[in-house]
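Here's the structure we're looking at; comments come further down.
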Amino acid sequence: MAEKKKIKKEKEPDITFYHPDLLEVPEKGLPYLKGYKCKKCGQLDFPKLSPCPTCWGEKFDVVPLSRKGILYSFSDLYIGQPGLETPYICGYIDLPEDIRIFAMLKGDVDTFKCDEEVELTTGPIRKNADGLEIISYMFQKA
Amino acid sequence: MKLQRDVYIAGVGETVFGKHKMDYDELGRLAAFQAIKSSNIDKPGLIESAYVGNAHNGIVTGQTIFKDIGICGKAPIINVESACSAGAMAVHLAIKDVACGLTELSMGVGAENHTLRRKSGTAFMPAMNDIEAVHGGVMTGKYAMRATRYMHETGATIEDLALITQKNRRHATHNPHASFKGDYSIDEIINSRMIAYPLTLHQCCGVVDGAGAVVVCSEEMIRKLKIEKPVKVRGSVVTSGPYHNKPRDITGDDITEMTSSMLYEESGIGPEEVDILELHDAFTIAELLYYECMQLCRKGEGLQFLRDGQATYGGKCVVSPRGGMLSYGHPIGASGAAQVAANVKQLRGECNGYQVEPIPQVAMSHVTGGGLSGTEHAACTMHMLTSDW
Ligand SMILES: [Zn+2]
C-alpha cells in the first residue's frame, strides 16, 4: 500500500488566473483585455478564436482592447450557479472596437444602469478545485 | 428542410408535467405508449425508427425508454441532445426519416426528470468550457439582461412582463398536464422571490419532470392506421445559432427571426395565418420578444400586442394555449416534443376545458436550445402543423 501511495502522481494545482490569452495584468500599469486581429482578413475577436471563424486564417496580431466601454445590459442575480455566492451581477459591455464582452460587474446590486460607462478591473470570479480564488476580468463603474 | 413527401402526425402523448417520482424512462414510456395507442398501432413492428430528446439524464436514454415496450431490436433508436430544443429536434428527425422515404412510420420523444437529481436553489447554466459560464453566466441571467434592455428601451415595466405569466397560467387553468395554473394576480407575480432582476420566481418556468411523444408517418400509413384526424406537417426547421462577438440587439433574437422566416417560407403559411402558437416562454420576457421576432406584430409593438389581447382567446394568435412553459414547467429535453403534442390535441379539438375556439387549423411551435457564448441560443427548432381532414 505504502509503495502504491508513493507512485501516485502529485495532483497538479488548479488555476488561479483566467486566462493569460485573454487578460494581461502588467506589473506596472493597468490591466487590459487582449483582442486578436486576423492577419488575413482583419477581423478582431475576443476571445481568441483560432482559426479565424471568418476566413480560417491562423495568424493574429494581439491588440490591447479599450479599458472603458458601455454597459449594454446587466442583471442582478439572486439565484446563481452552484457554488457561487449570491447576489452577483453580470453584464454585457460594448467596447469601442465593436466587441461585446460578457463579464461579472464589481459593485452593488440596484446600482447599475444600461448605457452607463464602465471600466475594466480584475477580481475573483469563482473558486477553483483547491478552494482558491480564480482571478479574471471584471468591470466596474468608470 | 424541404419535405420530400407529405408527412403526417398520427398520434401524440404527453404526461402530466410536475415533480415526479417516476424517472425519465418511465415518463418517456408513458408518453410514447399514449402516442402509439392514439395512432391505432397495436403491435411493436410498425415503428421503424425512434429519436429521443433528453439533456441531463445520462446515456442510452432512448433505448432505456423503449426496451420495455418491445421496440428495442426492431428499430434504430437515436438519442438527441441540444438542451431545451432536444425534444423538438427528435420530432424533426422522425419527420425527416418519413419525408425522405427512409421509413413509413417513426417516433420522436422528449423525456426528462430533473427533480430526482438536481440540487434546488441553483440556476441552469451552459457548460463550464463556455467563457460566459466561467464568468457566472446562467440562463436566467441571459433572459434577465434581455428584459433589462427591453425595459430600458421601451419603458415597459415588471408589471407588463407579469402579464405574460398571468395570461399563460389562465390559459392552463383547466389543463391537467400543467403544473402552475389558474389566477395569479400581478402583485403576486412581481412580489414573488427575485431570481434575476427583473425576473421574479413566477416569471420563470418551473423545474419539473415530464415527457411528450409524437408518431409521424406517411400518407399511406395514415390510411392504413385509419387515423380520423391526420395532422399534416407543413414545415419542420432546425437551425444553429449565428456566432459572433459583436454587439447585437438582444431585444430581438437572431436565431428565432431566422428560423421562423425559414418556416414561413417552407410551409407557405404566413404569421397572420397562425391560429395557435406554443413558444419558448421559459421566462416572461421571451414571449414578449418573440411576438416581434416571429412577425406576429411589428418590431417594438410586442407589448401593445399583448395588452390588446391579441395573444389570447379572440386575438390574432392564441399564444401558449396549453399554458406554455410558464405553466407546464420546463423539463428541458421534453418540452419541445410536448409542445407539438399539445398543438396536435388543439387542432383535433381534444383539449377539454382549455380548447381554443373556434378550433384552430394552423398551429406553430418554437423552442430554442442552450446558452452558448457568442450566440443568442445554440439551437432553434420550429414546426408548422395544419389539420388535414
Ligand atoms: Zn480572418
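Letters A, B, ... mirror the listed sequences (proteins, then strands); counts begin at 1.
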Inset, instruction - Please report the closest heavy-atom contact between Arg100(A) and Arg248(B), naming both atoms and the distance. - result: NH1-O, 2.8 Å

Inset, instruction - Look up atom CG in Leu49(A) and atom NE2 in His244(B), then write down how far apart they are to the nearest 0.5 Å. - result: 12.5 Å

Inset, instruction - Measure the shortest side-chain to side-chain distance between Ile250(B) and Ser73(A) over non-hydrogen atoms and say whether it is less than 4.5 angstrom. - result: yes

Legend entry - Electrostatic pair Arg149(B)-Asp115(A), nearest N-O below 4.0 angstrom: yes

Legend entry - Pairwise side-chain contact, Thr148(B) with Tyr72(A), heavy-atom cut-off 4.5 Å (strictly under): no

Inset, instruction - First locate atom SG of Cys114(A), then atom CE of Met145(B), and finally report the distance between them rounded to the nearest 0.5 Å. - result: 10.5 Å

Inset, instruction - Answer yes or no: are there more than 12 heavy-atom neighbours, outside Lys106(A) itself, under 6.0 Å from its atom NZ? - result: yes

Legend entry - Heavy atoms from other residues, nucleotides or ligands near CZ of Arg298(B) exceed 12 (cutoff 6.0 Å): no

Legend entry - Lys34(A) atom NZ, over 12 foreign heavy atoms within 6.0 Å: yes

Inset, instruction - With a 4.5 angstrom heavy-atom cut-off, could you sort out which part of Leu95(A) is near chain B: side chain, backbone, both or neither? - result: neither

Legend entry - Among Ile125(A), Asp94(A), Thr86(A), Asp98(A), residue most engaged with chain B (heavy-atom pairs, under 4.5 Å): Asp98(A)

Inset, instruction - State, with a plain yes or no, whether a side-chain heavy atom of Val134(B) is found less than 4.5 Å away from one of Ile134(A). - result: no

Inset, instruction - Would you give the length of the straight line joining atom CD of Gln43(A) to atom CG of Asn245(B), rounded to the nearest 0.5 angstrom? - result: 8.5 Å

Legend entry - Qualifying residue, where the test is ring-ring contact (aromatic ring centres under 6.0 Å, His included) with His135(B) and the options are Phe139(A), Tyr18(A), Tyr88(A): Tyr18(A)

Inset, instruction - Taking the side chain as every heavy atom from C-beta outward, state whether Leu77(A) and Val138(B) have any pair of such atoms under 4.5 Å apart. - result: yes

Inset, instruction - Flag the pair Glu132(B) / Tyr92(A) as yes when at least one side-chain heavy-atom distance between them is below 4.5 Å, and no otherwise. - result: yes

Legend entry - Tyr243(B) portion near chain A, given a 4.5 angstrom heavy-atom threshold: side chain

Legend entry - Interatomic distance, Ile195(B) atom CD1 to Asp76(A) atom CG [nearest 0.5 angstrom]: 13.0 Å

Legend entry - Value rounded to 0.5 Å, distance of OH in Tyr197(B) from CZ in Phe74(A): 7.5 Å

Inset, instruction - Grab the two heavy atoms, one from Gly136(B) and one from Cys90(A), that are nearest each other, plus how far apart they are. - result: O-SG, 3.9 Å

Inset, instruction - Below 4.5 Å from any heavy atom of chain B, which atoms of Leu84(A) appear? Answer side chain, backbone, both or neither. - result: side chain

Inset, instruction - Could you tell me whether Lys299(B) atom NZ has more than 12 heavy atoms of other residues or ligands within 6.0 Å of it? - result: yes

Legend entry - Contacting region of Ala147(B) [heavy-atom separation from chain A under 4.5 Å]: neither

Inset, instruction - To the nearest 0.5 Å, tell me how far Ile131(B) CD1 sits from Phe46(A) CZ. - result: 5.0 Å

Inset, instruction - Please look at Ile101(A) and chain B and tell me whether the side chain, the backbone, both or neither of the residue comes under 4.5 angstrom of a heavy atom of that chain. - result: neither

Inset, instruction - Count the heavy atoms belonging to other residues, nucleotides or ligands that lie under 6.0 Å from OH of Tyr143(B), then report whether that count exceeds 12. - result: yes

Inset, instruction - Look at Glu153(B), His152(B), Met194(B), Arg193(B) and state which one has the largest set of heavy-atom pairs under 4.5 Å with chain A. - result: His152(B)

Inset, instruction - Go through Ile89(A), Leu22(A), Leu44(A), Ile99(A) and name the one with the most non-hydrogen pairs under 4.5 angstrom from chain B. - result: Ile99(A)

Legend entry - Interchain contact, Asp45(A) with chain B, by part (heavy-atom threshold 4.5 Å): side chain

